[in-house]
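See structure below.
Because only heavy atoms are used, hydrogens play no part in the values below, and waters and symmetry mates are left out as well, while side chains stay in. Keep in mind it's a predicted model, so treat the numbers as computed, not measured. So that the names make sense, note that chain A is the first sequence line, chain B the second, and so on, each numbered from 1.
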Number of protein chains: 2
Amino acid sequence: MRDPLPSYPGYALRRAANATAAELASRLGQVGLRQSDVSVLILVAENPGITASAVGRALDIQRANMVPLLKRIEDAGLIAREPIDGKSRGLDLTETGRERLAQGRRVVEAFEAELIERVPVEHRAHLLPALEALWR
Amino acid sequence: MRDPLPSYPGYALRRAANATAAELASRLGQVGLRQSDVSVLILVAENPGITASAVGRALDIQRANMVPLLKRIEDAGLIAREPIDGKSRGLDLTETGRERLAQGRRVVEAFEAELIERVPVEHRAHLLPALEALWR
DNA sequence: CACGATTGCTATAGCTGATAACGAAGTCAG
DNA sequence: CTGACTTCGTTATCAGCTATAGCAATCGTG
């Protein structure tokens, strides 16, 4: 069957992203986390007291979409929110959150390492810079 | 703000894919097409009489999800379906479909060319092979 | 012929992302 | 200080894509 699509970089990019995202999601699901959860938890861990808005800006998640996301991980006991001033609330990891993040990190880091290994050596160093050029 | 995420290839991959997909979707929207439409139309153009199942397999779209997709582009007058045997139907482009695909192709090809140009020369040749290694 | 596989389809559900609108609270210029 | 503008968190809603389960009809093969 003739299929010219794989020779388009943009198409290959989407397919590769879908394939890897699905695999990571499945692995993270086994520790009860989603990709977005881990991203948020990492940002909160690195920036204690950060606001929901700032997390959203860093991850390109709209404010409105942060609401259910944060509610879920708060309900799961992973983060705590406490007022900074009248309108902002700072996010921090709970003890449970730290433990779950540690689990999530192990999954993510193992996965990232596998990803890199899948790329032939001669291309490896070029992947990240090329992707960053497309994204930023 | 500390943000270690961009140094993960998997994360950069997802961000790059999201960013480029959003941009392409917006451009294709201006000619009334979606990415999936164009993918299907290209496959049908290259393989006249192909079945919905075969298209789905090539694009990794489940049979069930092909139904509304094909219905939409059929209702738009872009493809025609005619029985091959009792259970299969072959897909073909209509004249309108060929014209719209030509428009879509121009958009896609211009976009792909821009994508490649965004990547610094020294990394360009490595992008597609690296992505294919991740995907397949 | 009979059985397993395939095709196309319905129905349904979940996740992600986007938009619009709101009240409350902060910020800043004059 | 005050008024204008911005920011924060939130509700509500919608579109798109993907996934699963099940079904009837048909096909291909032993």
Nearest whole angstrom, please: distance from the C1' of C/dG17 to the CZ of B/R14.
16 Å
Salt bridge between A/R118 and A/E23, side-chain N to carboxylate O under 4.0 Å?
yes
Roughly, in whole Å, what's the span from CD in B/E82 to C1' in C/dT7?
17 Å
Could A/E114 and A/R27 be called an ion pair, given the rule that one side-chain N must be under 4.0 Å from one carboxylate O?
yes
Using a cut-off of less than 4.0 Å, is there contact between a side-chain N or O of B/R81 and OP1 or OP2 of C/dT7?
no
Interatomic distance, CG@B/D85 vs OG1@B/T51, rounded to 0.5 Å, equals 9.5 Å
B/E95 and B/R98 ion-paired at < 4.0 Å
yes
Find the distance A/L28:CG to C/dC15:C1' and express it as a whole number of Å.
15 Å
Carboxylate-amine/guanidinium contact B/R81 B/D92, below 4.0 Å
no
Give me the atom names and distance for the closest heavy-atom approach of B/T20 to B/L115.
CG2-CD2, 3.6 Å
Any side-chain donor-acceptor pair under 3.5 Å between A/E112 and B/Y11?
no
Could you label the plane-to-plane angle of the B/H126 and A/H126 rings as parallel, tilted or perpendicular, counting under 30° as parallel and over 60° as perpendicular?
parallel
For B/R2, does the CZ atom sit with more than 12 other heavy atoms under 6.0 Å from it, leaving out its own atoms?
no
At less than 4.0 Å, is any side-chain N or O atom of B/R89 found next to OP1 or OP2 of D/dT26? Yes or no.
no
Could you state the NZ-P distance from B/K71 to C/dC9, rounded to the nearest angstrom?
10 Å
Quick one: A/L69 CG to D/dT10 P, roughly how many Å, whole number?
12 Å
Counting any heavy atom closer than 4.0 Å, what does A/R57 reach on the DNA or RNA strands: base, sugar-phosphate only, or nothing?
sugar-phosphate
Atom-pair distance (CE on B/M66; C1' on C/dT6), nearest Å
15 Å
Quick one: bend of the helix from C/dC1-D/dG30 to C/dG30-D/dC1 from 5 pairs per end, to 10°?
30°
Atom CD of residue position B/E122 - does it have more than 12 heavy atoms of other residues, nucleotides or ligands inside 6.0 Å?
yes
Summary of protein contacts for nucleotides 11-19 of chain D, nucleotide by nucleotide, where a base hit scores B, a sugar-phosphate-only hit scores S (4.0 Å, heavy atoms):
BB---SSBB
Heteroatom pairs (N/O) under 3.5 angstrom, protein to nucleotides 23-26 of chain C:
unit_1	atom_1	unit_2	atom_2	d
C/dG26	OP1	A/G86	N	2.5

When hydrophobic residues are tied together by side-chain contacts of less than 4.5 Å, even through go-betweens, does B/L13 share a cluster with B/L128?
no
